[in-house]
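In what follows, a structure is listed as structure tokens, so that the remarks can point back to it.
Per chain, numbering begins at 1; letters A, B, ... match sequence-line order.
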There are 2 protein chains.
Amino acid sequence: MNAASADQPAPRRSKPDVVDAAMSVLAENGIAGLSMRRIADELDVQVSALYWHFPNKQALLAAVSARMVAGESDAESDAPDLTATATALRDRLLAHRDGAEVVSSSLALGLLDLPARQRLVDAALAAGLTDAAAEVAADTLVHYVIGFTFHEQQRMHAAVIGAADASVDLSPARLASPGASPDDDFAAGLALIVSGIRSAAVAGR
Amino acid sequence: MNAASADQPAPRRSKPDVVDAAMSVLAENGIAGLSMRRIADELDVQVSALYWHFPNKQALLAAVSARMVAGESDAESDAPDLTATATALRDRLLAHRDGAEVVSSSLALGLLDLPARQRLVDAALAAGLTDAAAEVAADTLVHYVIGFTFHEQQRMHAAVIGAADASVDLSPARLASPGASPDDDFAAGLALIVSGIRSAAVAGR
DNA sequence: ACCTGAACACCGTTCAAGT
DNA sequence: ACCTGAACACCGTTCAAGT
């Protein structure tokens, strides 16, 4: 038994540990409750300790974002497919509370590389687009996926809080087609864009 | 001269006055600097006074959002056009600092009615889509416009701060087509979606 | 009807100092 | 190398009380 008694010898935390803690705080409290103090509490550490591992909160959030979108398996993983890649990205975002918002801010600040984007570019090139058109197509899809999912996840939150009246939806067309789920709506919008990309390939030939 | 001396007799503020103040604070400080205290200072009032006019900050932000997107003139205003309406919405958002982010949050919380959405639905119907498809098309366009503009405006902010290295762009294709401006990229992505909508009209016939 | 003054329970970030 | 303790300059929101 050494001088520090039988207890653990003061465990040092690594960068991944901090990201782990942040992710579990996010899961429990959402992005509104994701404060540096709560992350520090989760690690049994003072807030200031976090600033040894990360220069600021945004950098920590970027690391969280990177973990969320890391290795989005296309399932098939080989042949690049626009629809499959976009859907896989959406599933990744949906898998984490407020995932779209977290990723959106890191992305906009240029702190995150989105692996899915390159796969979308490849898929667009394979479909026959020019280099420039393929980049535009990839960005359009990324904006759509993040925008749609962001909106969907914020509405989930609003529904829990009961803040917004649920009828004020972006698409009050629930009346016209009351059977449509968010998944169906997402797929329908995605099909629209993919179809546009396909005709751009034909046109640019 | 009455009891309160020659000065103004303690000016009462109206709801629109509060929105005015919020918009000028937003213009000067951006969304990160848009605090209830700064808005109160702008009005020469205590913070707590704001809560007589609005129940909370989000409600005030929703009023600001509504003002931003009110009466987006399509220019022609009569024949509903997908491209013109989407472009007019983008111009509205760009006209206000952090406009896309402010509108995005109000929209997601169900606190804002976007007049442009109905015009997009009308345009899609005129193009020959079914009711349900027209709603999906409108939402897809709204997500694209807000997502693209949000990203663009956050990058403006990052550029001023110097926080993000400017090379980490969503579209590093600046290499492939170095002449393309955000406006060109926006128009190109928009054309992709509109083309997809057009073919949906043909397919659904 | 509209506003003040003061408080409550939080924030992100910095920094000297410890081990 | 990694963390503590304490502070700084903020937040949104509430509420009794004034006029």
Does a nitrogen or oxygen in the side chain of [X] sit under 4.0 Å from OP1 or OP2 of [N]?
| X | N | result |
| --- | --- | --- |
| S48(B) | dC3(C) | no |
| H53(A) | dC3(D) | yes |
| R13(B) | dC2(C) | no |

Taking the inter-plane angle between the rings of F150(A) and F150(B) on a 0 to 90° scale, is it parallel (under 30°), tilted (30 to 60°) or perpendicular (over 60°)?
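Rings of F150(A) and F150(B): tilted, 30 to 60°.
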
Look at the aromatic rings of F186(B) and Y144(B) and report parallel, tilted or perpendicular, splitting at 30° and 60°.
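If you compare the ring of F186(B) with that of Y144(B), the planes turn out parallel.
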
Let me have DNA chain D in dot-bracket notation, would you? Count Watson-Crick plus G-U wobble pairs, both distances under 3.5 Å, and use [ ] for pairs crossing earlier ones and | for inter-strand partners.
||.|||||...|||||.||

Rounded distance in Å - [atom1] ([X]) to [atom2] ([N]):
| X | N | atom1 | atom2 | result |
| --- | --- | --- | --- | --- |
| R37(B) | dT14(D) | CZ | P | 13 Å |
| Q46(B) | dC3(C) | CD | P | 11 Å |
| L43(A) | dC2(D) | CG | P | 14 Å |
| F54(B) | dC2(C) | CZ | P | 13 Å |
| L34(A) | dC11(D) | CG | P | 20 Å |
| N56(B) | dT14(D) | CG | P | 8 Å |
| L50(A) | dC2(D) | CG | P | 14 Å |
| I39(A) | dG12(C) | CD1 | P | 8 Å |

Along DNA chain D (nearest heavy atom to each residue), the more 5'-positioned of W52(A) and P55(B)
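On the 5' side of the pair lies W52(A).
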
Any side-chain heavy atom of R117(A) within less than 4.5 Å of one from E135(A)?
yes

Quick one: which of dG12(D), dC3(C), dC11(D) gets closest to the side chain of A49(B)?
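Nucleotide nearest to A49(B)'s side chain: dC3(C).
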
State which of dC3(D), dT13(C), dC11(D) makes the closest approach to the side chain of R12(A).
dC3(D)

Salt bridge between R119(B) and D81(B), side-chain N to carboxylate O under 4.0 Å?
no

Check this for me, if you would: do D183(B) and R90(B) make a salt bridge, where the nitrogen-to-carboxylate-oxygen distance has to be below 4.0 angstrom?
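R90(B) and D183(B): salt-bridged.
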
With rounding to the closest Å, how many angstrom separate the P atoms on dC2(D) and dA17(C)?
22 Å

Rounding to the closest angstrom, what is the interatomic distance between dA9(D) and dA9(C) at atom C1'?
16 Å

Answer with base, sugar-phosphate or nothing: what part of the nucleic acid does V45(A) contact at a heavy-atom distance below 4.0 Å?
sugar-phosphate

Any donor-acceptor N/O pair, T85(B) side chain to L82(B) backbone, under 3.5 Å:
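Such a contact is absent between T85(B) side chain and L82(B) backbone.
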
Using side chain to side chain contact (heavy atoms under 4.5 Å, CB included), reason through V64(B) and L34(B) one step at a time and then give a plain yes or no.
CA-CA 12 Å; V64(B) 168; L34(B) 183 61; 5.9 Å; no

